[in-house]
Amino acid sequence: MRLSSLLALFRPALPLILGLSLGCSLSLLTVTWTQGDTDEPCGDGLVNGGLFAGNQGHNTKGGNRAGGGNEDFQPHIVPYYRDPNKLHKKVFRTRYIHTELGIRERLLVGILTSRVTLTTLAVAVNRTVAHHFHKTFFFTGVRSPKIPHGMQVVAHGDDRPVWLMYETVRYLHQHFGGDYDWFYLAQDDTYTQAERLSQLVSHLSAGQDLYLGRAEEFIGGDERARYCHGGYGYLLSRSLLARLQPHLDTCRNDILSVRPDEWLGRCIIDSLGLSCVEVHQEMQYRYFELGKNADPEREDSAAFKNAFTVHPVSDPTLMYRLHKRFSQIELERTNLQIQQLQVQISNLSSLTPEGKAGATWPIGINSPFKPKTRFEVINWEYFTEEHIYSCIDGAPKCELRGADRADVSDVVETAVERLNEHYQPVLRFRKQRLLNGYRRFDPTRGMEYTLDLALEAFTQKGHSQVIAKRVGLLRPLSSIEIIPMPYVTEATRVQVILPVTAHEQDYVGNFLDMYVMNALDTHDNVLLTFLFIYEPFDAQRVSQNDVFSGIKSMIGEVEKRYADVKILWISVKTEVPSQVKLMDIISKKHPVDTLFFLASVWTEVNTDFLNRCRMNAISNWQVFFPIHFQEYSPAIVYRDQQPSVASSSAAESLKDGHFDRHVFEEACFYNADYMAARTKMAADILDNDEMLESMDVYEIFVRYSSLHVFRAVEPALVQKNVRRTCNPRFSEDIYHRCVLSNLEGLASRSHLAMALFEQEQANST
């Protein structure tokens, strides 16, 4: 009874048990048994003689494979050990990251010209297409007496066409063979559609030998061999140019030809066995032969509209007409593509969760910026045709002039033009006046406008009526352009110049403490020079009572603490410490490549700002005038608490203050740039002392220099609240800025309002 119940319990599992038993039995039969005594451990047959047999040579350290077959899957970590007794060379990084990564530019353009056509056709090529390419060179045999401005001309010294081609190919490989993937050569009577050629190059593989252009047959030669006609331009890959370089001298001596393009094609065929092709990787090189007395405006064939190059171009006027015609064709195609994309976006918007309402106007442009807090709301500027009610200097109303006036006129004219396009022929509008205008800059899409226009509407029957119409316009952001800047480095030495007057010497101690902590202790590449400004009365008593003796003793203590540090000082006697006069003295005592940081006694020098000073001040290109952060008066801001508690952290130090845009004392610039601007100024004012006292360094760079004057807020420059002494002998503008700086540096409007409110309450009680 008990046995039958046990069998009934296991009966459902019997098939599973039988299957497992049969599987184990069959697997045992397939195992190869090793009989006999052996000292070798059992190994994995698949590893030792099967799938990974080729990996047996990858042994661990010492060549022992005692770890079994799974040793190949174990990571072998090699610890890094540096011998302290061995000198190691410093690793120098490349100047640009694309050099280290091996990234090359795509296309270099070479135009073959002559001394006769350099100032005509070559100039037309440079003005029409050269600015679309990364670099364009004009190769000629003999240099013209007058080289056109803005063109990179290379003269080889020989007018023979074949010799010019030989020297050009050799020059390209020698100077740019490793920097570019493709080289485009053409004659100066060739018009090139730059955008299409760049697009063609972007779709071609740079790792293949390619000779691409209009294929022409050799006269009396092999029918299979082709050379690329030079009049329509041709492309040479970098690898082909590298392989061709060793054979150029042989080709020059052995190949006789009158045409330079035929000579180059024969050289490539004989040396590399490559012929000119018109199609590669399903990409076709399109060209068009322009007939005699042809009119570009009347050319309407598909071959003309799709051409990369057009030849021959007989004169510069025809080159400009061709450029105008192709620009119109590209503009029409771009507008058609935009319309097609807008239709597609409109159709797809119905499938989005928002539906048709999710497609914002204009279609294809980013939706308006949505602020998350009230502090992110973008303000609208109100304007009329004569005035704008948002001024830079804070005035409530100012005259509309310059670029702002041109912008408003253009927007109003565009609005009337678009209204006529939309309503004609039923209605026709004529502007009467602008009632109201609003604009704001949305960083996500561009400048938005809302206009209330008084328009006179005309019907087809001649009736007219004045109506008011509100329109909205958007000037969208175009494609972002990266402005090339010269190379700068953070290793440049900074020469700090600190002018000090007798009234300011109490703040020098804090300046020196910050300089020692942030520059000397960190071994930054910085030098410091004091400029002691003596008044005439103090200068006469300097031997008996030197007003700057305390500062000089502090400098001596710093030099004793740091044996390799030398802090210089220069003494100047003047009644009016003009910034320009002081810089004239400093400039003569330093080399022209010196990077100056003109500081004040309230400046706190730190590493972050010094690096930005090095990066933002570019020799012969840009000067930097930072806007420091000025803390408010603690007596007004911290009435109920201690200042140390309120601004205990660095993050909170930028809260109770403002960026003082009225002060131009701090500046970073190179001595050569200052000397160049000062030379132009000297020729203008003839060293008039009154003019020098009424100007500062900022105004000199703005008025007498073509450099970029970079003026931006600098969070790393934080100054304590102080009341500056405004010298009335300076110009009215400088004195006015000093007074405004003192007034606005007291406190914010909310702090001043609270202080007045508490004072009124105290007076009332």
Side-chain angles (χ1 to χ4, degrees), residues 131-132 195 199 327-328 330-385 387-392 398 400-423 429 431 434-453 455 468-485 659 708 710-713:
H131 58 281
H132 293 282
E195 292 85 357
Q199 187 177 8
S327 299
Q328 291 174 348
E330 289 299 315
L331 185 60
E332 292 173 359
R333 291 181 177 180
T334 302
N335 291 331
L336 180 60
Q337 292 177 1
I338 291 175
Q339 294 176 5
Q340 294 174 351
L341 289 174
Q342 287 178 341
V343 172
Q344 294 178 9
I345 293 173
S346 179
N347 295 334
L348 291 175
S349 62
S350 60
L351 304 178
T352 61
E354 296 84 2
K356 288 288 186 180
T360 58
W361 179 88
I363 298 177
I365 305 295
N366 294 333
S367 58
F369 173 72
K370 297 180 180 179
K372 297 180 180 179
T373 63
R374 64 186 181 90
F375 301 103
E376 298 177 355
V377 176
I378 303 176
N379 296 327
W380 289 87
E381 296 179 351
Y382 178 78
F383 61 87
T384 62
E385 292 184 284
H387 298 89
I388 186 170
Y389 293 80
S390 177
C391 306
I392 298 178
C398 54
L400 201 62
R401 63 179 64 184
D404 290 328
R405 191 179 190 89
D407 176 59
V408 171
S409 300
D410 180 57
V411 168
V412 173
E413 292 177 3
T414 303
V416 177
E417 180 182 349
R418 295 296 174 85
L419 286 173
N420 286 323
E421 292 178 0
H422 184 72
Y423 288 100
F429 296 98
K431 188 199 79 167
L434 175 64
L435 301 176
N436 301 294
Y438 308 89
R439 71 176 184 181
R440 70 172 184 177
F441 178 74
D442 190 334
T444 62
R445 45 197 262 135
M447 185 71 79
E448 299 177 351
Y449 302 88
T450 300
L451 306 179
D452 294 331
L453 298 171
L455 303 171
K469 184 75 173 177
R470 167 166 286 193
V471 296
L473 297 94
L474 173 68
R475 192 189 298 272
L477 294 174
S478 58
S479 3
I480 299 175
E481 179 182 359
I482 300 178
I483 301 177
M485 298 291 286
F659 287 99
H708 294 233
F710 184 32
R711 176 81 166 155
V713 296

Are side-chain heavy atoms of [X] and [Y] found at a separation under 4.5 Å?
X	Y	value
Tyr438	Asp452	yes
Asp407	Phe383	no
Leu341	Gln344	yes
Glu195	His132	yes
Tyr449	Val412	no
Leu348	Ile345	no
Pro368	Glu448	yes

Please give me the minimum heavy-atom distance between [X] and [Y], naming the atom from each residue.
X	Y	answer
Thr444	Phe369	OG1-N, 3.8 Å
Leu451	Gly437	CD2-CA, 4.1 Å
Thr414	Asp410	OG1-O, 2.7 Å
Leu455	Leu419	CD1-CD1, 3.6 Å

Item to check | With sequence neighbours excluded, residues passing side chain to side chain contact (heavy atoms under 4.5 Å, CB included) with Ser349 | outcome: Lys356, Ala359
Item to check | For Thr334, all residues meeting side chain to side chain contact (heavy atoms under 4.5 Å, CB included), sequence neighbours excluded | outcome: Ile338
Short question: side chain of [X], backbone of [Y] - any donor-acceptor pair under 3.5 Å?
X	Y	result
Ser409	Arg405	yes
Asn347	Val343	yes
Asn335	Leu331	yes

Checklist entry - Looking at Lys431 and Glu385, does any basic side-chain N land under 4.0 Å from a carboxylate oxygen? => result yes
Next on the checklist: Please determine whether side chain to side chain contact (heavy atoms under 4.5 Å, CB included) holds for the pair Arg418 and Val471, giving the CA-CA distance in whole Å, both sets of side-chain angles, and the decisive distance to 0.1 Å.
Outcome noted: CA-CA 10 Å; Arg418 295 296 174 85; Val471 296; over 6 Å; no
Next on the checklist: Assess the residue pair Thr450 and Arg470 against the criterion (side chain to side chain contact (heavy atoms under 4.5 Å, CB included)); give the C-alpha distance rounded to whole Å, side-chain angles, the decisive distance to 0.1 Å, and a yes or no.
Outcome noted: CA-CA 7 Å; Thr450 300; Arg470 167 166 286 193; 3.9 Å; yes
Which donor-acceptor pairs under 3.5 Å do the side chains of residues 373-382 make with protein atoms, sequence neighbours left out?
| unit_1 | atom_1 | unit_2 | atom_2 | d |
| --- | --- | --- | --- | --- |
| Glu376 | OE1 | Lys372 | N | 3.0 |
| Glu381 | OE1 | Arg439 | NE | 3.0 |
| Glu381 | OE1 | Arg439 | NH2 | 3.4 |
| Tyr382 | OH | Asn436 | OD1 | 2.7 |

Next on the checklist: What verdict does the side chain to side chain contact (heavy atoms under 4.5 Å, CB included) test give for Thr360 and Ile365, after you've listed the backbone C-alpha separation in whole Å, the side-chain angles of each residue and the deciding distance to 0.1 Å?
Outcome noted: CA-CA 8 Å; Thr360 58; Ile365 305 295; over 6 Å; no
